[in-house]
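Reviewing the structure listed below.
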Number of protein chains: 4
Amino acid sequence: MLEELKRQVYEANMELPKRGLITYTWGNVSGIDRETGYFVIKPSGVDYDKLTPEDMVVMDLDGNKVEGSLRPSSDTPTHLELYKKYTDIGGIVHTHSPEATAWAQAGRDIPLYGTTHADYFYGPIPCARSLTPEEIDEAYETNTGRVIIETFEKRGINPVYTPGVLCTNHGPFTWGKDAAEAVHNAVVLEEVAKMATKTELINPDVKPAPDCIRDKHFFRKHGKNAYYGQ
Amino acid sequence: MLEELKRQVYEANMELPKRGLITYTWGNVSGIDRETGYFVIKPSGVDYDKLTPEDMVVMDLDGNKVEGSLRPSSDTPTHLELYKKYTDIGGIVHTHSPEATAWAQAGRDIPLYGTTHADYFYGPIPCARSLTPEEIDEAYETNTGRVIIETFEKRGINPVYTPGVLCTNHGPFTWGKDAAEAVHNAVVLEEVAKMATKTELINPDVKPAPDCIRDKHFFRKHGKNAYYGQ
Amino acid sequence: MLEELKRQVYEANMELPKRGLITYTWGNVSGIDRETGYFVIKPSGVDYDKLTPEDMVVMDLDGNKVEGSLRPSSDTPTHLELYKKYTDIGGIVHTHSPEATAWAQAGRDIPLYGTTHADYFYGPIPCARSLTPEEIDEAYETNTGRVIIETFEKRGINPVYTPGVLCTNHGPFTWGKDAAEAVHNAVVLEEVAKMATKTELINPDVKPAPDCIRDKHFFRKHGKNAYYGQ
Amino acid sequence: MLEELKRQVYEANMELPKRGLITYTWGNVSGIDRETGYFVIKPSGVDYDKLTPEDMVVMDLDGNKVEGSLRPSSDTPTHLELYKKYTDIGGIVHTHSPEATAWAQAGRDIPLYGTTHADYFYGPIPCARSLTPEEIDEAYETNTGRVIIETFEKRGINPVYTPGVLCTNHGPFTWGKDAAEAVHNAVVLEEVAKMATKTELINPDVKPAPDCIRDKHFFRKHGKNAYYGQ
């Protein structure tokens with residue numbers, strides 16, 4: 001079932017250690033097939049060098065396992081909430097990549113300091129609040145997804161234009177049109193986080209880039225007037 | 001004698017350079033066989049690329065060499081103290097990994113800033129005090145072990161829940177149920193130390209993560225209600 | 001057409017990922033043939049591992065494509081402005097290398113703190129101002145080149161002695177006598193940027209190196225009295 | 001002539017890129033044969049991947065080339081001064097390794113913050129003053145050596161116990177009993193410099209390690225009571 005999607009999700013997962021985003025098993029990638037409403041996700045706590053495409057777990061949007069002999073990632077309910085709410089996205093990634101996680105632990109949005117950021121994220125990368133003890137007790141992973149959605153709604157951020165978030169005290173989630181693009185955005189987020197930290201060290205009084213730079217670069221790569229690439 | 005344990009300890013030692021924790025010979029891993037009370041440790045000052053399983057030295061808990069043609073690691077008496085006191089642990093690692101060593105040199109506990117930390121360490125990673133001149137003169141390596149134990153006792157820290165320590169002006173020790181898990185915890189400690197340094201750069205006023213986050217993540221991976229992994 | 005130049009520019013482009021200056025497709029190298037007035041540049045948004053010498057695009061100095069099936073780099077008009085104005089240079093590089101980009105995002109010149117810098121750049125590496133909204137709307141990439149030129153003219157900097165610049169909120173451009181030297185200077189700029197950031201962390205009150213150090217090292221490697229190398 | 005020494009010096013030079021201390025040709029290693037009084041040094045500005053043992057240049061202590069078709073490193077007169085004064089040393093290294101160079105650019109000694117440092121350097125790693133314009137004009141590289149010697153003499157530092165120095169606005173020199181040990185010390189210096197920078201970030205009020213720690217660790221590895229290694 002969904003062999004092609006399983007292969008894509010497997011390969012997207014394998015990009016994480018290759019790109020240096022992952023220590024041990026600290027990450028997971030999923031991808032969804034919108035026709036069946038099933039999504040495919042990495043199993044929980046399996047070493048990347050033992051992972052095979054067949055190990056990928058197939059889930060439905062009610063949280064039931066449809067296929068697979070292994071338990072899905074413990075973060076599966078977070079992915080599920082995002083897939084249900086954001087019907088335009090096809091892939092999701094969670095990592096503990098160190099530069100982005102440091103911003104999440106610091107509890108701060110990553111300001112848009114330059115074109116590297118603006119080429120992919122149309123504004124600051126928001127930092128979602130910590131969960132309350134009640135939210136943690138009730139359904140930690142589900143509520144992690146809900147707090148992400150709350151953040152984007154309250155602040156009026158378009159999740160397609162800003163395909164990533166930091167969860168306070170935890171780490172980043174990114175997404176995209178498919179699993180590969182979600183990983184691509186996770187790599188970009190890590191680079192952007194690293195540059196932002198250094199930018200503030202070099203100039204503690206630095207201001208975000210002007211909106212005209214943000215607009216120029218974002219729309220050079222996205223939308224109907226894009227002219228980057230082939 | 002203890003060929004399987006020697007092989008495990010050898011492989012755990014070889015993980016240190018592979019994981020980037022080691023420059024030259026700056027580290028050592030040991031593992032214990034609780035039935036015989038013998039432990040196996042890396043020989044002192046031997047290059048990792050010349051090391052073989054047969055080079056591992058077998059010691060008893062009185063500090064006598066039981067088998068091996070080489071001298072054991074100069075830190076052997078520290079390992080010995082920890083094995084005698086902490087009967088639940090099966091492997092110990094010492095490194096000078098740079099991120100953790102910087103915290104040790106700074107003389108500070110690593111605060112629990114997020115879930116990466118809480119997945120493995122149930123609270124701050126404590127920084128044990130420097131030894132006095134008398135303690136150094138009398139028995140430096142033995143007293144290093146005793147000061148670690150003193151730190152955990154005085155502060156009421158469970159060494160199974162917090163499997164690592166920083167020794168002021170020196171560097172980290174970690175441990176685990178066996179040599180492989182001790183190395184795993186050394187890798188995690190280095191990542192956690194790196195993230196904590198960056199977290200404080202990004203937000204100098206940052207506070208530790210709330211206890212509910214610590215409890216959720218630690219017990220998601222440990223204890224009878226754990227649900228991470230297969 | 002210009003097969004040898006295409007090969008040189010291709011190889012110079014391939015140095016960027018090899019030297020760690022590039023994430024994904026974030027960079028481009030060009031080289032010019034001053035006899036024909038044609039320059040060769042990387043195509044836009046093509047993965048480095050799929051790039052071939054035949055993919056290189058040939059352009060004239062009026063901005064017309066002379067040969068090639070792919071679209072040239074979106075930064076082509078910036079290269080063109082620099083080639084028209086600086087007739088002594090033969091190659092240009094743009095990257096988003098993180099250390100130099102952090103200085104660009106911080107909006108600061110990189111001070112000349114030592115001989116590593118002075119061996120290649122005869123003074124601070126200037127940071128060109130951000131473009132105005134009007135300049136962005138009118139011709140973003142062309143005006144990026146013009147603002148670089150404006151910076152060097154207003155400040156009386158010789159672009160052959162200081163073969164690189166930072167564009168505020170964006171990133172670095174470097175150049176040289178050919179594409180290979182331009183890449184060499186991009187690598188040096190990244191190292192110099194990294195060292196400068198660390199230098200200020202270690203000593204926030206640090207002053208630039210004295211002029212006599214700058215002169216000694218720059219002219220040890222450049223000009224008629226140079227005595228470095230064979 | 002001196003084929004074995006040439007091979008040793010060649011191999012020591014090749015360690016520099018392998019250990020990540022070198023960008024392009026920014027470094028040089030030499031070794032001396034005290035019987036003949038000849039020393040062997042890397043040629044100036046030759047790429048490491050084209051270097052062969054036969055390229056090594058043989059010099060005498062009056063600065064005359066004894067053998068070799070290439071020009072010696074431009075830093076040869078600095079090596080020469082150190083060999084003449086410090087008759088106990090057999091190898092010298094100069095690099096622009098970034099962590100140590102940042103301290104040199106900052107114009108600060110590296111404080112002894114822990115045992116990693118004390119295992120190799122018996123006290124702070126001194127930062128020698130910048131040269132005056134007159135010293136630069138007269139004989140830059142020779143006077144670089146003389147200012148290093150002046151630093152050790154004025155401050156009463158034993159160059160065998162502290163086998164390295166930072167030259168303000170420039171970078172590090174290290175030495176040892178032979179070329180291989182000099183490179184070993186260059187690697188250690190880079191690690192120690194990196195840790196010291198991080199240590200001060202984590203605790204801006206940190207104090208150097210107590211003398212008893214310094215003495216214990218230095219003499220655990222050096223002198224007649226050493227007990228580290230085989």
Side-chain angles (χ1 to χ4, degrees), chain A residues 15 18-21 97-100 110-120 124 176 180-181 183-222 225-230, chain C residues 20 22-27 43-47 50 55 57 69-76 94-111 127 130-137 139-141 143-144 166-171 193-194 196-201 204:
Chain A
E15 274 287 289
K18 189 180 149 199
R19 293 281 175 179
L21 299 189
S97 64
E99 301 283 349
I110 304 179
L112 190 157
Y113 284 134
T115 61
T116 317
H117 185 131
D119 280 337
Y120 294 89
E181 191 181 275
V183 170
H184 192 109
N185 289 335
V187 172
V188 174
L189 171 55
E190 185 68 358
E191 279 295 299
V192 163
K194 178 170 68 184
M195 288 178 184
T197 303
K198 290 179 187 291
T199 299
E200 296 190 351
L201 281 180
I202 296 165
N203 183 356
D205 301 318
V206 67
K207 295 280 173 292
D211 290 352
C212 57
I213 292 281
R214 177 198 64 197
D215 291 357
K216 179 65 191 178
H217 268 264
F218 189 78
F219 294 113
R220 198 165 83 148
K221 280 202 168 178
H222 301 87
N225 294 321
Y227 59 94
Y228 182 90
Q230 299 300 323
Chain C
I22 290 291
T23 299
Y24 294 120
T25 61
W26 305 351
S44 182
V46 174
D47 283 355
K50 294 182 182 153
D55 291 335
V57 184
S69 54
L70 298 170
R71 291 159 69 178
S73 165
S74 55
D75 296 311
T76 298
H94 172 53
T95 77
H96 291 232
S97 64
E99 301 283 348
T101 300
W103 283 85
Q105 293 192 156
R108 286 185 58 198
D109 294 359
I110 304 179
C127 189
S130 254
L131 274 59
T132 65
E134 293 71 29
E135 288 168 334
I136 290 172
D137 272 358
Y140 175 62
E141 291 85 3
N143 285 329
T144 295
L166 308 170
C167 296
T168 295
N169 298 132
H170 186 23
K194 177 170 67 183
T197 303
K198 290 179 186 291
T199 299
E200 297 190 351
L201 281 179

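In the text below, chain A, chain B and the rest are named by the order of the sequence lines, each starting its count at 1. Because the structure is a prediction, the values reported are computed rather than measured.
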Could you label the plane-to-plane angle of the C:W26 and C:H96 rings as parallel, tilted or perpendicular, counting under 30° as parallel and over 60° as perpendicular?
tilted
Between C:E99, C:R108, C:H170, who has the most heavy-atom pairs with chain A when the cutoff is under 4.5 Å?
C:H170
Check whether any side-chain N or O of C:W103 sits under 3.5 Å from a backbone N or O of C:L166 as a donor-acceptor pair, and report yes or no.
no
Segment of C:S73 engaging chain A (4.5 angstrom heavy-atom cut-off)
neither
With sequence neighbours excluded, residues passing salt bridge (Lys or Arg N to Asp or Glu O under 4.0 Å) with A:D211:
A:R214
Tell me, side chain or backbone of C:E134 under 4.5 Å from chain A's heavy atoms, or both, or neither?
neither
Which atoms of A:H117 come close to chain C, meaning under 4.5 Å heavy atom to heavy atom: side chain ones, backbone ones, both, or neither?
neither
Chain C: which of A:R19, A:H184, A:E191 shares the most heavy-atom pairs with it under 4.5 Å?
A:H184
Does any N or O in the side chain of C:N169 come within less than 3.5 Å of the main-chain N or O of C:A104, such that one atom is a donor and the other an acceptor?
no
Tell me, do A:D119 and C:Y24 make a side-chain contact under 4.5 Å, heavy atoms counted?
no
Look at A:E200, A:H217, A:K194 and state which one has the largest set of heavy-atom pairs under 4.5 Å with chain C.
A:H217
Side chain, backbone, both or neither: which part of A:Q230 has a heavy atom under 4.5 Å from chain C?
both
Which region of A:V188, side chain (C-beta onward) or backbone (N, CA, C, O), has a non-hydrogen atom less than 4.5 Å from a non-hydrogen atom of chain C, or is it both or neither?
both
C:R71 side chain to C:G45 main-chain N or O, any donor-acceptor pair under 3.5 Å?
no
Can you tell me if A:N203 uses its side chain to pair, donor with acceptor, with the backbone of A:D205 under 3.5 Å?
yes
Given a strict heavy-atom distance threshold of 4.5 Å, which part of A:L201 is in contact with chain C: side chain, backbone, both, or neither?
side chain
